[in-house]
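Just so it is clear, the values below take in all heavy atoms, side chains as well, and ignore hydrogens, waters and symmetry mates.
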Amino acid sequence: MVDELPPPQKSLATDILKLLVTSYETKNQFTLSEICEQLQQDKNPIEQILQYLVTNRLVSRIPDGRYELIHDYLAAQIKERFTEEELEV
């Protein structure tokens with residue numbers, strides 16, 4: 001799904017997905033503000049990518065406003081796709 005995005009959005013979506021994975025290959029949870037702070041990005045592009053990821057059922061927004069991967073198995077797949085250095089966003 002992410003590969004279908006244009007390069008700037010694809011890069012940002014990849015960074016968001018990597019952020020949502022712990023070093024133990026499990027889901028990590030962040031608010032929109034925390035994601036913006038971690039990635040040093042403005043709110044609008046992050047919000048648009050998060051909406052895309054939610055719509056495509058890769059990420060969910062839980063009731064307290066945080067975002068997480070839809071399933072833990074996605075965390076393992078994302079971790080496998082990137083090296084340790086790449087996971088350190």
**Request:** State whether the number of non-hydrogen atoms from other residues, nucleotides or ligands found under 6.0 Å of Glu37 atom CD is greater than 12.
**Result:** no
**Item:** Close side-chain approach of Asn28 to Phe30, heavy-atom, < 4.5 Å
**Value:** yes
**Flag side-chain contact, heavy atom, 4.5 Å: Ile35 against Gln38** = no
**Check: Ile78 and Leu69 side chains under 4.5 Å, non-hydrogen atoms** = yes
**Prompt:** Can you find a heavy atom in the side chain of Pro45 that is under 4.5 Å from one in the side chain of Leu12?
**Reply:** yes
**Request:** Look only at the side chain of Ser60 and the backbone of Ile62, and say whether a donor-acceptor pair between them is shorter than 3.5 Å.
**Result:** no
**Request:** Give a yes or no on whether the backbone of Lys10 and the side-chain of Thr14 come within a donor-acceptor separation of less than 3.5 Å.
**Result:** yes
**Asked** Looking at Glu68 and Lys27, does any basic side-chain N land under 4.0 Å from a carboxylate oxygen?
**Response** yes
**Prompt:** Do Ile16 and Leu50 come close enough that some side-chain heavy atom pair is under 4.5 Å?
**Reply:** yes
**Request:** Flag the pair Tyr52 / Gln48 as yes when at least one side-chain heavy-atom distance between them is below 4.5 Å, and no otherwise.
**Result:** no
**Prompt:** With a 4.5 Å limit on heavy-atom distance, are the side chains of Val59 and Leu20 in contact?
**Reply:** yes
**Complete:** Taken to the nearest 0.5 Å, the spacing of Leu74 CG from Thr26 OG1 works out to 12.5 Å
**Asked** How many angstroms lie between atom CZ of Arg61 and atom CG of Leu32, to the nearest 0.5 angstrom?
**Response** 8.0 Å
**Fill in**
Here the pair of heavy atoms bringing Ala13 nearest to Leu5 is CB-CD1, 3.7 Å
**Prompt:** Near Asp64 CG, under 6.0 Å, is it more than 12 heavy atoms from other residues, nucleotides or ligands?
**Reply:** yes
**Prompt:** Strictly by modelled atom types, are Gln51 and Thr55 linked by a side-chain donor-acceptor pair under 3.5 Å?
**Reply:** yes
**Message:** Which heavy atom of Val21 sits nearest to which heavy atom of Ala75, and what is that distance?
**Reply:** CG1-O, 3.7 Å
